[in-house]
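In what follows, a structure is listed as structure tokens, so that the remarks can point back to it.
Nothing here was measured: the structure is a model prediction, and the numbers come from that model.
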Amino acid sequence: MNKNRRKEIDYALEQLEYVNICDVRNLVEEIRYDELESYDEIPENLQTSPKAEAIEESLDHLNDVQSYISDIEVSIDEIRSSLESAKGV
């Protein structure tokens with residue numbers, strides 16, 4: 001690999017640093033926690049109400065988002081590793 005391509009890989013690696021998935025994960029966790037608290041505050045006899053069902057649906061989506069974020073974190077690590085390996089070849 002020539003010097004210019006190595007520089008391009010370095011630039012790509014720098015750009016990965018701007019992907020701050022930790023902040024996104026923390027924000028989603030806070031939102032999920034707040035939503036769960038809202039659900040827990042609903043009296044038991046109203047936990048089948050449309051409002052409670054909407055909160056449950058939101059929680060399901062937020063759980064999905066947390067799973068997607070985990071996948072992204074793994075992918076970013078794999079991208080970083082592969083770029084470093086390509087640069088060293």
Side-chain angles (χ1 to χ4, degrees):
M1 178 172 294
N2 69 28
K3 186 176 178 178
N4 286 338
R5 287 192 198 102
R6 282 191 177 92
K7 283 183 182 181
E8 289 174 347
I9 287 177
D10 286 337
Y11 178 74
L13 288 166
E14 287 174 22
Q15 294 306 303
L16 282 175
E17 296 305 316
Y18 292 108
V19 178
N20 197 343
I21 199 69
C22 292
D23 287 348
V24 175
R25 182 186 63 231
N26 292 339
L27 181 58
V28 169
E29 286 174 0
E30 287 178 29
I31 295 167
R32 187 184 173 288
Y33 178 81
D34 291 344
E35 195 72 358
L36 190 56
E37 275 190 341
S38 293
Y39 182 80
D40 289 342
E41 291 173 1
I42 297 173
E44 197 169 313
N45 63 331
L46 295 176
Q47 289 185 350
T48 57
S49 70
K51 179 181 179 180
E53 289 176 3
I55 292 172
E56 284 181 319
E57 188 173 336
S58 292
L59 286 167
D60 287 343
H61 289 298
L62 290 168
N63 287 334
D64 290 344
V65 169
Q66 287 179 313
S67 177
Y68 300 146
I69 288 170
S70 293
D71 293 344
I72 290 168
E73 289 172 321
V74 168
S75 294
I76 289 172
D77 288 342
E78 289 172 350
I79 290 167
R80 187 175 286 117
S81 177
S82 292
L83 285 170
E84 289 289 351
S85 294
K87 189 171 93 172
V89 173

Residues 53-61 side chain polar contacts: donor-acceptor under 3.5 Å, at least two apart:
unit_1 : atom_1 : unit_2 : atom_2 : d
Glu56  : OE2    : Tyr39  : OH     : 3.1
Ser58  : OG     : Ala54  : O      : 3.2

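- Evaluation of the side-chain hydrogen bond (donor to acceptor under 3.5 Å, both in side chains) rule for Arg5 yields no partner, not counting sequence neighbours.
- Rounded to the nearest 0.5 Å, atoms CG (Leu16) and CD1 (Ile21) are 11.5 Å apart.
- With rounding to the nearest 0.5 angstrom, the CD atom of Glu73 is 5.5 Å from the OG atom of Ser70.
- Under the salt bridge (Lys or Arg N to Asp or Glu O under 4.0 Å) criterion, Arg80 pairs with Glu17, Asp77, sequence neighbours left out.
- For the side chain to side chain contact (heavy atoms under 4.5 Å, CB included) test, residues two or more places apart in sequence or in another chain that qualify with Asp23 are Asn20.
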Can you give each donor-acceptor pair under 3.5 Å made by side-chain atoms of residues 41-49, sequence neighbours left out, with the distance rounded to 0.1 Å?
unit_1 : atom_1 : unit_2 : atom_2 : d
Gln47  : NE2    : Ile42  : O      : 3.2
Ser49  : OG     : Leu46  : O      : 2.8
Ser49  : OG     : Ala52  : N      : 3.3

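- Put simply, OG on Ser81 and CD1 on Ile76 are 13.5 Å apart, with the number rounded to the nearest 0.5 Å.
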Sequence neighbours left out, cut at 3.5 Å: what donor-acceptor pairs do the side chains of residues 27-35 make with other protein atoms?
unit_1 : atom_1 : unit_2 : atom_2 : d
Arg32  : NE     : Asn63  : OD1    : 2.5
Arg32  : NH2    : Asn63  : OD1    : 3.4
Tyr33  : OH     : Glu37  : OE2    : 3.0

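- Under the rule for a side chain to side chain contact (heavy atoms under 4.5 Å, CB included), the partners of Glu78 that lie at least two apart in sequence or sit in another chain are Val74.
- Take Asp40 and apply the side-chain hydrogen bond (donor to acceptor under 3.5 Å, both in side chains) test, not counting sequence neighbours, and it matches no residue.
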